[in-house]
2 protein chains.
Amino acid sequence: MMEIPVLFSIFEIEESLGVEEAPLKDMLRGTGLRYTKQRGEVLQLFREHDTALTQAELEKMLPSQFDRITLYRILRSFEASGLLHKVLDDSGTTRFALCRTGCSEHEHHDEHVHFRCSSCSKTLCLPEVAIPDVKLPKGYVFGDAKLLIDGICPECVISSN
Amino acid sequence: MMEIPVLFSIFEIEESLGVEEAPLKDMLRGTGLRYTKQRGEVLQLFREHDTALTQAELEKMLPSQFDRITLYRILRSFEASGLLHKVLDDSGTTRFALCRTGCSEHEHHDEHVHFRCSSCSKTLCLPEVAIPDVKLPKGYVFGDAKLLIDGICPECVISSN
DNA sequence: TACATTATTGCAACATTAGTGCAATTACAA
DNA sequence: TTGTAATTGCACTAATGTTGCAATAATGTA
Ligand SMILES: [Mn+2]
Ligand SMILES: [Mn+2]
Ligand SMILES: [Zn+2]
Ligand SMILES: [Zn+2]
């Protein structure tokens with residue numbers, strides 16, 4: 001079959017993906033994951049929000065409606081490759097948030113505090129707040145720690161004035 | 001109808017409930033909850049364990065098999081009256097543990113660390129380990145904190161020698 | 001003890017979340 | 001362009017969470 005002339009450079013093609021899509025591709029490929037429209041949309045949502053999100057919340061925000069199971073598997077694969085981390089909760093549903101630099105498929109480094117606002121019920125990552133050391137009783141071997149603080153977030157404090 | 005003679009004193013009746021049942025009654029009534037066989041069994045299980053338990057785990061341990069919904073509601077009512085508190089988890093199911101003294105339906109005082117052993121996967125309450133203070137960024141109002149530490153528990157450390 | 005009142009239980013029904021298997025489709029690299 | 005392997009969508013199943021309501025049981029009072 002005849003070769004079709006190249007109409008666009010690779011850069012023009014990347015640009016045609018939109019402002020954010022090319023970096024998304026890099027982020028995904030950097031972890032060994034293939035880029036798909038669905039994965040791009042999910043990752044983009046996490047980049048637009050600094051909050052931990054549930055699957056249900058994501059479904060409402062996604063630009064294209066795709067299969068629930070696909071989303072389920074995307075979240076798990078993102079976690080496995082160090083793109084997302086689970087955020088502890090006592091609600092019974094799983095929450096994920098974007099990992100900061102340094103997380104990989106081998107190890108997560110999200111030793112920061114999470115904050116849940118009891119007013120707007122958002123769960124925020126506070127990457128600048130480290131989890132303080134805790135002295136465990138004799139015999140316990142420390143692995144890692146997760147800290148969730150409940151309270152009122154700055155936005156809700158302001159709007160309540 | 002003829003009056004039936006009293007055969008047992010109130011103390012003998014309480015004793016006939018078994019060693020632990022009378023105190024259970026007191027615990028429940030102290031919080032305004034009625035004593036029932038089902039509630040007694042659930043509370044007894046929590047008293048026998050120093051770990052946080054899921055509904056599924058409780059169902060396997062309960063001496064009498066009663067309705068799933070009843071257990072669901074017992075756990076929620078126990079939490080509401082300050083008998084149990086939720087424990088952080090990322091498995092997707094809710095975990096409860098026995099509250100120490102000082103919790104009421106108005107307020108929970110479980111500012112202690114929880115420890116999850118990655119070997120035996122038990123989640124233990126460490127009431128003697130307080131959650132350290134955390135300095136939040138400007139604008140955030142602190143409510144309360146929950147800290148879960150992953151690692152190896154003393155029992156599992158010993159048995160791995 | 002008997003009764004009235006009110007809380008609790010069990011059942012039915014439904015909603016949400018989790019998870020697996022497999023065939024069709026798509027991404028990627030040769 | 002094409003082959004291969006990863007990813008997706010669909011069907012289906014399991015587990016957990018939640019509410020309404022009628023039957024039942026616990027408690028206080030007479
Ligand atoms: Mn985070
Ligand atoms: Mn506890
Ligand atoms: Zn808020
Ligand atoms: Zn252990």
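Between B:F96 and B:F78, the ring center distance fails the sub-6.0 Å criterion.
Remark on DNA chain C: of its neighbouring residues A:A56 and B:R39, the 5'-side contact belongs to B:R39, judged by nearest-heavy-atom nucleotide.
What separates CD1 of A:I69 from C1' of C:dT20 is a distance of 9 Å, to the nearest Å. Separating the CG atom of B:D67 from the P atom of D:dA23 is a distance of 16 Å, rounded to the nearest angstrom. Here the C1' atom of nucleotide D:dT8 and the CD atom of A:Q65 are 16 Å apart, to the nearest Å. The distance from atom CD of B:Q38 to atom C1' of C:dA7 is 12 Å, rounded to the nearest whole Å. Rounded to an integer number of Å, the gap from B:L75 CG to C:dT8 P is 14 Å. We find that CG of A:L71 is positioned 16 Å from C1' of D:dC10, with the value rounded to whole Å. The interatomic distance linking A:E59 (CD) with C:dA18 (P) rounds to 10 Å, in whole Å. In this entry the distance linking CZ of A:R76 with C1' of D:dT7 reads 17 Å, nearest Å.
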Provide a list of protein-nucleic acid N or O atom pairs under 3.5 angstrom, restricted to nucleotides 26-30 of chain D.
unit_1, atom_1, unit_2, atom_2, d
D:dA26, N3, B:R34, NH1, 3.0
D:dT27, OP1, B:R29, NE, 3.1
D:dT27, OP1, B:R29, NH2, 3.2
D:dT27, OP1, B:Y35, N, 2.9
D:dT27, OP2, B:R29, NH2, 3.0

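Taking five base pairs at each end of the helix from C:dT1-D:dA30 to C:dA30-D:dT1 and finding the rotation axis that steps the C1' atoms of four pairs onto the next four gives two axes whose angle is 30°, to the nearest 10°.
Without hydrogens or angle criteria, A:E57 side chain to A:T54 main chain gives a donor-acceptor distance under 3.5 Å.
Side-chain proximity of B:T94 to the nucleotides C:dC11, C:dT17, D:dG17 is greatest for D:dG17.
In terms of the side-chain contact (heavy atoms from CB on, under 4.5 Å) criterion, residue partners of B:T36 (sequence neighbours excluded) are, by chain and number, B:Q38, B:R39.
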